[in-house]
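For reference, the structure discussed in these notes is given below.
Whatever order the structure lists ligands and atoms in, that order sets their numbers, starting from 1.
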Amino acid sequence: MEAIQWKLLPLLTLLASFLLFFYFQNPSKKYQKNCSLLPHQHYWITSNRIVTPHGVISGAVEVKEGKIVSIVKEEEKNGKTKLENVIDYGEAVVMPGLVDVHAHLDDPGRAEWEGFPSGTKAAAAGGITTLVDMPLNSDPSTVSRETLQLKIKAAESRIYVDVGFWGGLVPENAFNASALEDLLNAGVLGLKSFMCPSGINDFPMTNASHIKEGLSILAKYRRPLLVHAEKQLDFESDLGVEGGSNDARSYLTYLKTRPASWEEAAIRDLLTLTKDTRIGAPAEGAHLHIVHLSDSSNSLDLIKDAKSGGDSVTVETCPHYLAFSAEEIRDGDTRFKCSPPIRDAANKEKLWEALLAGHVDMLSSDHSPTLPELKLLDDGDFLRAWGGISSLQFVLPVTWSYGQKYGVTLEQLALWWSERPASLAGQELKGAIAIGNHADMVVWDPDVEFDLDDDPIYLKHAGISAYMGTKLSGKVSATFVRGNLVFKDGKHAPAACGVPILAK
Ligand SMILES: NC(=O)N[C@H]1NC(=O)NC1=O
Ligand SMILES: [Zn+2]
Ligand SMILES: [Zn+2]
């Protein structure tokens, strides 16, 4: 008898180590208890306004182990459907969580500017359930397998929402196909490049040949190229701003340094390059995504033409281009400095028109914070201040509040902020309240007004945000990521259980 037990010992040890291995390999198991402010993994959410791809319904969403397993309309509920662990949100809106495809969290290396914990806590508080981190402003930039691994390490157990990563297309890797493939194989969701200086030393701008190389490799992987589309034009550089003849505290001085013609020139080049990479059918070329469009005139016409010609092109704009206009920016208020710049009120109106008409595909935050001292708020020098708007926590109420005038609907919000960005990032299981998808949802009340300054702000440097001092409507009360209630009424889940998203 004893002999038999001794023989079993190695087998039992093996079994125990297997169990331990799988337990620690699975992050959702590891932190399960603290990942959610809810005690259960199987529950129902009910509301009179659930935003689905088939319209806004009154009914119930069943969540089980992180996924949406059923959706029942109020009128279809019958005696058979027994709801357990019901959370009733009444008139509050239940929408797919926002997918922000453009955020700079600056971690590792410049975490004092933002960082994964503060950035993703702010995201969760703002209803963002997935964000894709930009490859620059962290140090080092994400331009290789090794630097991506540093990102993943910095994100692990420190993110409250799911986070994917764009890789950088820079001169250093553009002509090195195996380095680019290595970066793509390591899991970046696509590549991003600049057609003008980025403001970050280890992220130089790319020229047409670099972009061509990048596009041809991305076409094979079926992942997008995102481009900051501003091209410095020589004949525009003589604007007299450097000679001291213009006041650097005046916003118009800065605006003149980055005219709309720069966006137009960059976009014209990009569209030609994209056309050139088409292999046979239009859809077989690389996908081009233009980030943060500000110019709503000629640039937009070029994009519209390319789309109607069948090119694989999408474009995003950001809430700050829809909320603010150049005329309103006060002297020295460098919180509003970004590139491309916020243009005049007529441009803003046309941008709204384009968004409502479907010519602009989606929205993103371009949350690009820095240290308050680099914003030069004290001397208000627009030419020397850091360019970037801090907005991550506020994008949902901002889009809703400024969109009232244009009759923005809940379905449109879900399209611009969830469905289309999820598709750009290749996330088929995100971006919609649909059976089989991740249970990524935001619960918010469109009618509740609040002063931004009275609310807890989780961003590292609230004071640099252009939105401070405004009154908004649309308050987030709960955020679910993969079924975990990660934020509720000013409180976050104890553990950071967001998952780093890697492309396969
Ligand atoms: N480096 C960086 O974040 N740049 C961003 N800031 C901004 O205003 N536009 C950008 O592209
Ligand atoms: Zn940019
Ligand atoms: Zn950016």
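When heavy-atom distances to ligand 1 are checked against a 4.0 Å cut-off, Lys337 has no atom that comes that close, whether in backbone or side chain. Neither the backbone nor the side chain of Trp113 comes within 4.0 Å of ligand 1, counting heavy atoms alone. Contacts with ligand 1 closer than 4.0 Å are made by no heavy atom of Ile389, backbone or side chain. At a 4.0 Å heavy-atom cut-off, ligand 1 does not touch Pro340 at all. Residue Phe203 does not touch ligand 1, judged by heavy-atom distances below 4.0 Å. Using a 4.0 Å cut-off between heavy atoms, Val291 makes no contact with ligand 1 at all. Contacts with ligand 1 closer than 4.0 Å are made by heavy atoms of both the backbone and the side chain of Cys338.
For a distance bound of 2.8 Å, the N, O or S atoms of His292 include one lying that close to the Zn ion (ligand 2).
Counting just the N/O/S atoms of His104, the one with the shortest distance to the Zn ion (ligand 3) is named NE2. Closest N/O/S atom of His228 to the Zn ion (ligand 2): ND1.
Salt bridge annotation for Glu181-Arg145: absent, with no cationic side-chain nitrogen under 4.0 angstrom from a carboxylate oxygen. A salt bridge does not link Arg420 with Asp361: none of the charged nitrogens is closer than 4.0 Å to a carboxylate oxygen. Between Lys151 and Asp133 there is a salt bridge, with a side-chain nitrogen of the basic residue lying less than 4.0 Å from a carboxylate oxygen of the acidic one. Here Asp455 pairs with Lys475 in a salt bridge; the nearest charged N to carboxylate O distance falls below 4.0 Å.
If you number the atoms of ligand 1 from 1 as listed, the ones under 4.0 Å from a heavy atom of Ser198 come out as 1 (N). Against a heavy-atom cut-off of under 4.0 Å, Leu136 is close to the following atoms of ligand 1: 1 (N). Counting the atoms of ligand 1 from 1 in the order shown, those under 4.0 Å from a heavy atom of His292 are 11 (O).
For atom 1 (N) of ligand 1, the closest heavy atom belonging to the protein is Asn137 OD1, 3.1 Å. For atom 6 (N) of ligand 1, the closest non-hydrogen atom of the protein is Gly387 O, 2.9 Å. Atom 5 (C) of ligand 1 has Ser368 OG, 3.9 Å as its closest protein atom, hydrogens excluded (heavy atom only).
The Zn ion (ligand 3) lies at the vertex of an angle of 80° between the NE2 atom of His102 and the OD1 atom of Asp366 (rounded to 10°).
Two residues are said to be in side-chain contact when any heavy atoms from C-beta on lie closer than 4.5 Å; Tyr402 and Leu322 fail this criterion.
Cation-pi geometry between Lys337 and Phe382 is not met at under 6.0 angstrom from the ring centre and within 45 degrees of the axis. Cation-pi geometry between Arg110 and Trp113 is met: the NZ or CZ atom falls under 6.0 Å from the ring centre, inside 45° of the normal.
Relative orientation of the His104 and His102 rings is tilted, given thresholds of 30° and 60° on the angle between their planes.
Residue Lys304 places its NZ atom among more than 12 non-hydrogen atoms of other residues, nucleotides or ligands, all under 6.0 Å distant.
For the pair His228 and ligand 1, the shortest N or O to N or O distance falls below 3.5 Å. Any N or O atom pair closer than 3.5 Å counts here, and Ser339 shares at least one such pair with ligand 1.
Side-chain atoms of Glu263 come within 3.5 Å of backbone N or O of Ser294 as a donor-acceptor pair.
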### Task
Under the salt bridge (Lys or Arg N to Asp or Glu O under 4.0 Å) rule, what do Asp162 and Arg482 come out as? Steps first, then yes or no, please.
CA-CA 9 Å; Asp162 288 353; Arg482 297 183 195 243; 2.7 Å; yes
### Message
Does Asp295 form a salt bridge (Lys or Arg N to Asp or Glu O under 4.0 Å) with Arg343? I'd like the steps, not just the answer.
### Response
CA-CA 8 Å; Asp295 171 32; Arg343 305 191 189 281; 5.2 Å; no
